[in-house]
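To keep things clear, I will list the structure first and then write my remarks on it.
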Amino acid sequence: MLMQPGLLPRLFLATVVFALPHLSTAQTVTKPLPLHAAIQDKNFYLFSVLQADPAVRAALTTDSALGQISAERRAFLAQSLKVCKENAVCTVRALLWTEEEIRMVSFALAHIYQSNSSLRELTDQSLRPSGAYVLYQKQHGEELLVDAWEVCARGLNDILSVYGQGTSPRYPQIDSISFEVNSADFQQHITALASQISADIPASQLFFEPSLKAALQLLALNHRDEASRLEPMETGVNEAAVKSIPSIQWDKFAYSVIVVPGAGPSDPEIALSEMGRRRISLAADAYHAGKAPFILVSGGYVHPSQTRFSEAIEMKKALLKDYNVPESAILVDPHARHTTTNVRNAVREIYRYHIPMNKPALVISDLAQVDYIAGQSFADRCLKEMGYLPYQIVNRPSDTSLAFLPLAESLQQDPLDPLDP
């Protein structure tokens with residue numbers, strides 16, 4: 001099955017130093033993009049670069065259309081604090097972006113882009129080569145900027161509604177709010193947060209900052225910092241492997257990496273499930289047989305909800321302790337929460353760490369999961385949940401393995417999945 005990716009919204013912040021493959025642009029990334037504030041940078045890279053550029057910030061804060069939108073939203077929030085009477089759902093509603101407001105901001109940003117060289121430069125020299133909005137690479141800068149804004153706005157709404165109003169997320173068993181929405185404790189938290197935001201000095205704020213501040217504080221309040229854990233990985237859990245990558249003679253190996261998806265236990269006291277151990281046993285055999293120079297274990301803090309164990313970290317520990325695999329040969333993705341993002345995040349690390357994108361990678365797992373990944377239902381799920389395919393299947397060497405080519409669409413940032421965007 002050779003499948004091409006679709007083009008819908010979603011990525012990650014790529015730390016790379018070479019041209020983006022599979023893209024229409026010839027631009028190159030000349031330096032890594034560090035994570036200054038991992039949760040914001042990985043969910044809302046657009047907002048991070050807008051905040052960091054003084055000239056762009058000045059243009060946005062002095063724009064009359066954006067100023068009017070911001071003033072109306074501030075007034076609505078102030079009124080809500082008076083009438084909602086510590087009702088969290090009611091109070092948070094004032095921080096959500098309506099579709100009309102999103103469109104109005106889009107028009108304003110397009111106008112500023114046309115008249116302001118600093119915003120054009122930021123779009124072309126920061127947003128486009130970052131990879132964060134790779135699905136919009138073929139578009140004119142003005143359209144790329146607008147599309148990036150709209151996906152970020154909807155990402156803000158998703159965080160606010162799930163973690164501030166208790167709306168059910170796509171996967172409620174593992175991603176839901178940590179509070180009872182109607183509890184007095186939570187109501188007080190929300191009122192205090194909204195009051196603080198309402199008291200901030202308007203003139204110093206960018207139009208999106210009140211909602212951004214609320215979203216980030218709600219994630220923190222709900223202990224939903226999964227996206228930032230173990231970052232930056234290049235100087236931590238992945239440091240030894242990353243340092244060994246430049247010395248690899250890739251033509252000596254059939255595959256670039258062996259990708260092992262995690263399998264979370266249902267018991268909060270069990271660190272590594274038996275299924276996870278069987279998968280890494282197969283991967284270790286393939287590694288020792290010389291199939292690839294690296295094993296990439298993938299799995300976050302997922303099952304059961306808010307577990308203290310990362311599937312990937314526990315698999316790495318077992319590979320080191322029980323399977324004689326050196327740390328310099330183990331890459332970790334401690335953020336993936338689903339099979340779709342196991343594959344996507346593996347591609348992101350292949351790209352970020354300068355592993356050849358034109359060399360097949362090998363997924364190794366149990367028969368049932370490999371059957372699933374090879375099937376049409378998995379492709380359909382990727383398209384539905386992420387908007388693209390992160391892979392192109394090459395072949396199936398065995399019942400428990402699948403070879404695929406990584407696709408750079410996987411870099412697309414997805415704030416609609418804020419625990420692993």
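Just so you know, these numbers use all the heavy atoms, side chains as well, and skip hydrogens, waters and symmetry mates.
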For residues 301-308, tabulate all N or O donor-acceptor pairs below 3.5 Å that involve a side-chain atom, not counting sequence neighbours.
| from | atom 1 | to | atom 2 | distance (Å) |
| --- | --- | --- | --- | --- |
| Q306 | NE2 | S178 | OG | 2.7 |
| T307 | OG1 | F309 | N | 3.1 |
| R308 | NH2 | E269 | OE1 | 3.4 |

Worksheet item: What are the two closest non-hydrogen atoms of A283 and V260, and how far apart are they?
Response: CB-CG2, 3.4 Å

Item to complete: Please determine if R352 and E349 form a salt bridge, counting it only when a charged side-chain N lies under 4.0 Å from a carboxylate O.
Response: no

Worksheet item: With S256, which residues qualify under side chain to side chain donor-acceptor pair (under 3.5 Å), at least two apart?
Response: none

Fill in: Straight-line distance of L216 CG to I159 CD1, nearest 0.5 Å
7.0 Å

Fill in: Any donor-acceptor N/O pair, S328 side chain to A240 backbone, under 3.5 Å
no

Practice prompt. Working to the nearest 0.5 Å, report the span between CG of L221 and NE2 of H189.
Written response: 5.0 Å

Discussion item. Give me the atom names and distance for the closest heavy-atom approach of D175 to H338.
Written reply: OD2-NE2, 4.4 Å

Worksheet item: Are any of the side-chain heavy atoms of L50 and L122 separated by less than 4.5 Å?
Response: yes

Worksheet item: Does T400 reach the side chain of D366, with side-chain heavy atoms less than 4.5 Å apart?
Response: no

Worksheet item: Under the disulfide (SG to SG under 2.5 Å) rule, what pairs show up with a residue in residues 116-151, not counting sequence neighbours?
Response: none

Worksheet item: So do the side chains of F404 and V347 get within less than 4.5 Å of each other, counting heavy atoms only?
Response: yes

Practice prompt. Considering non-hydrogen atoms only, spot the tightest contact between L389 and A379 and give its length.
Written response: CD2-O, 3.4 Å

Practice prompt. Applying side-chain contact (heavy atoms from CB on, under 4.5 Å), name anything that partners S118, two or more places apart in sequence or on another chain.
Written response: A55, V56, N116

Worksheet item: Who pairs with R229 by side chain to side chain donor-acceptor pair (under 3.5 Å), at least two apart in sequence or on another chain?
Response: D225

Discussion item. Would the distance check show the side chain of R337 and the main-chain N or O of L419 forming a donor-acceptor pair, the cut-off being under 3.5 Å?
Written reply: no

Worksheet item: Counting distance only, does the side-chain N/O of S176 pair as donor-acceptor with the main-chain N or O of Q173 below 3.5 Å?
Response: no

Worksheet item: Are the charged groups of R344 and E409 less than 4.0 angstrom apart, N to O?
Response: no

Discussion item. Please check this pair: side chain of T191 against backbone of Q188, looking for a donor-acceptor N/O pair closer than 3.5 Å.
Written reply: no

Worksheet item: Between Y45 and Q40, do the side chains contain an N or O donor and an N or O acceptor separated by less than 3.5 Å?
Response: no

Practice prompt. Answer whether the closest heavy-atom distance between the side chains of R381 and K384 falls below 4.5 Å.
Written response: no

Discussion item. Test of understanding: with side chain to side chain donor-acceptor pair (under 3.5 Å), list the residues that count as partners of D371, not counting sequence neighbours.
Written reply: R396

Worksheet item: Are Y353 and N238 linked by a side-chain donor-acceptor pair shorter than 3.5 Å?
Response: yes

Item to complete: To the nearest 0.5 Å, tell me how far I102 CD1 sits from W97 CH2.
Response: 8.0 Å

Discussion item. Salt bridge or not between R154 and E99? Use side-chain N to carboxylate O under 4.0 Å.
Written reply: yes

Worksheet item: Can you find a heavy atom in the side chain of I190 that is under 4.5 Å from one in the side chain of L218?
Response: yes

Worksheet item: Does L145 offer a backbone N or O that forms a donor-acceptor pair with the side chain of T123 under 3.5 Å?
Response: no

Worksheet entry | Residues that F208 engages under ring pair (Phe, Tyr, Trp, His ring centres under 6.0 Å), provided they are two or more places apart | F47

Discussion item. I need the I258 CD1 to I330 CD1 distance, nearest 0.5 Å.
Written reply: 11.0 Å

Item to complete: Tell me, please, which residues at least two apart from F107 pass ring pair (Phe, Tyr, Trp, His ring centres under 6.0 Å).
Response: none

Worksheet item: In Å, rounded to the nearest 0.5 Å, how long is the span from OH of Y323 to CD1 of I280?
Response: 5.0 Å

Fill in: Beyond-backbone contact of V363 with N342, side-chain heavy atoms, under 4.5 angstrom
no

Discussion item. Taking side chain to side chain donor-acceptor pair (under 3.5 Å) as the definition, give me every residue that meets it alongside E239, ordered by chain and number, with sequence neighbours left out.
Written reply: K243

Discussion item. Test side-chain contact (heavy atoms from CB on, under 4.5 Å) on L212 and Q51; report intermediate values, then the result.
Written reply: CA-CA 12 Å; L212 175 62; Q51 288 175 322; 3.9 Å; yes

Fill in: Salt-bridge contact R277-D322 (side-chain N to carboxylate O under 4.0 Å)
yes

Worksheet item: Are S298 and N345 close enough that a side-chain donor and a side-chain acceptor fall under 3.5 Å?
Response: no

Fill in: Donor-acceptor pair, side chain of N222 and main chain of R224, under 3.5 angstrom
no

Discussion item. On a heavy-atom basis, which atom in I350 and which in A361 lie closest, and how many Å separate them?
Written reply: CD1-CB, 4.1 Å

Practice prompt. Please name the pair of heavy atoms, one in T339 and one in Q369, separated by the smallest distance, quoted to 0.1 Å.
Written response: OG1-NE2, 3.3 Å

Worksheet entry | R170 with D417: basic N within carboxylate O range, under 4.0 Å | no

Worksheet item: Would R279 and S365 count as having a side-chain donor-acceptor pair, cut-off 3.5 Å?
Response: yes

Item to complete: Please tell me if the side chains of S310 and E314 come closer than 4.5 Å, counting only heavy atoms from C-beta onward.
Response: no

Worksheet entry | Basic-acidic side-chain contact under 4.0 Å: E231, K42 | yes

Practice prompt. Determine yes or no for a side-chain-to-main-chain donor-acceptor pair under 3.5 angstrom, with D63 supplying the side chain and A59 the backbone.
Written response: no

Worksheet item: Roughly how far, to the nearest 0.5 Å, is CG of L156 from CZ of F44?
Response: 4.0 Å

Worksheet item: Between S48 and D41, which heavy-atom pair has the shortest distance, and what is it?
Response: OG-OD1, 2.6 Å

Worksheet item: Got a donor-acceptor contact below 3.5 angstrom from the S183 side chain to the F179 backbone?
Response: no

Fill in: Contact check, side chains of I364 and V259, non-hydrogen atoms, under 4.5 Å
no

Worksheet item: With sequence neighbours excluded, what pairs up with H140 under the ring pair (Phe, Tyr, Trp, His ring centres under 6.0 Å) test?
Response: Y113

Discussion item. Closer than 3.5 angstrom, by distance alone: can the side chain of Y133 be matched with the main-chain N or O of L46 as a donor-acceptor pair?
Written reply: yes

Discussion item. Does E327 form a salt bridge (charged side-chain N to carboxylate O under 4.0 Å, His left out) with K317? I'd like the steps, not just the answer.
Written reply: CA-CA 9 Å; E327 187 170 20; K317 290 177 182 177; over 6 Å; no

Worksheet item: Is K316 reaching over with its side chain to a backbone N or O of V237, donor-acceptor style, under 3.5 angstrom?
Response: yes

Practice prompt. State plainly whether the residues E142 and R120 are in salt-bridge range, i.e. N to O under 4.0 Å.
Written response: no

Side-chain donor-acceptor pairs under 3.5 Å in residues 75-88, sequence neighbours left out?
| from | atom 1 | to | atom 2 | distance (Å) |
| --- | --- | --- | --- | --- |
| S80 | OG | F76 | O | 2.8 |
| N87 | OD1 | V89 | N | 3.1 |
| N87 | OD1 | C90 | N | 3.0 |

Worksheet item: So, are R74 and E72 salt-bridged, with charged N and O less than 4.0 Å apart?
Response: no

Discussion item. We want to know whether S211 and R73 form a side-chain donor-acceptor pair, criterion being a heavy-atom distance below 3.5 angstrom.
Written reply: yes

Expected list for residues 197-207: side-chain donor-acceptor pairs under 3.5 angstrom, two or more places apart:
| from | atom 1 | to | atom 2 | distance (Å) |
| --- | --- | --- | --- | --- |
| D200 | OD2 | K213 | NZ | 3.1 |
| S204 | OG | I201 | O | 3.0 |

